[in-house]
S.K.: 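Quick one: this structure, given as C-alpha cells, is what I'll be asking you about.
Residue numbers run from 1 in the order of the sequence given. Since the structure is predicted, the reported quantities are computational estimates derived from the model, not experimental observations.
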Amino acid sequence: KALAFDGVNYVDLGGNGIGPGGASALAASSHLAGLTVLQLGGWHGTEGVGDAGAAALAAPPHLARLTSLGLSFHGIGAAAERFTAPEGLR
C-alpha cells in the first residue's frame with residue numbers, strides 16, 4: 001500500500017544512495033504528482049542516478065510541477081543536464 005502524499009510538495013531523499021532503478025521507480029510513481037521540489041543529493045562514492053535516472057525523472061507528465069530537482073553527486077553528464085535544466089523542467 002502506497003503512502004498518502006496528498007499535499008506534499010517537497011521531498012528530500014538525499015544521501016539515500018538512490019541509483020538508476022530508484023530514480024525510475026520514483027519517476028513511475030503517480031503518488032508524487034504534487035511535488036515541486038525533489039532533492040536526491042547523493043553520497044560521494046555512490047553510483048548515483050546517472051544519465052538514465054536523470055532523464056527518467058525529467059520525463060513523466062505527472063512530475064510536471066517540479067521546479068527543483070536536486071541531483072548533486074549523481075554523475076549526470078551534459079546529455080542529461082539538458083533534461084534537468086530549469087527550462088527542461090517545464
S.K.: With rounding to the nearest 0.5 Å, note down the distance linking CD1 in I18 to OG in S24.
M.R.: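 With rounding to 0.5 Å, CD1 (I18) is 11.5 Å from OG (S24).
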S.K.: Taking only residues two or more places apart in sequence or in another chain, which ones pass side chain to side chain contact (heavy atoms under 4.5 Å, CB included) with D12?
M.R.: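 Per chain and number, D12 pairs via side chain to side chain contact (heavy atoms under 4.5 Å, CB included) with Y10, Q39.
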S.K.: Are L66 and V8 connected into the same hydrophobic cluster when the rule is that any two of I, L, V, M, F, W, Y join if their side-chain heavy atoms are below 4.5 Å apart?
M.R.: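 Result: yes, single cluster for both.
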S.K.: Could you measure the distance from the OG1 atom of T67 to the CG atom of L38? Nearest 0.5 Å is fine.
M.R.: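 Answer rounded to 0.5 Å: 10.5 Å.
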S.K.: Checking the side chain of H62 only, and the main-chain atoms of S29 only, is there a donor and an acceptor separated by less than 3.5 Å?
M.R.: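 At least one qualifying donor-acceptor pair exists.
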S.K.: Within the distance-only criterion (no hydrogens, no angle test), does the side chain of S68 pair as donor or acceptor with the backbone N or O of V37 below 3.5 angstrom?
M.R.: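 The answer is no, because no donor-acceptor pair under 3.5 Å joins these two groups.
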S.K.: Are L26 and L40 side-chain neighbours, meaning at least one heavy-atom pair lies under 4.5 Å?
M.R.: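 Sidechains of L40 and L26: in contact.
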S.K.: Supply the atom-to-atom distance L69 CG to L63 CG, rounded to the nearest 0.5 angstrom.
M.R.: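 CG of L63 is found 8.5 Å from CG of L69.
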S.K.: Which atom names give the shortest non-hydrogen contact between L57 and A23, and what distance separates them?
M.R.: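 Looking at all heavy atoms of both residues, the shortest contact is CD2-O, 3.6 Å.
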S.K.: Looking at every non-hydrogen atom in both residues, tell me the closest pair between A56 and A27 and how far apart they are.
M.R.: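 Heavy-atom minimum between the residues: O-CB, 3.2 Å.
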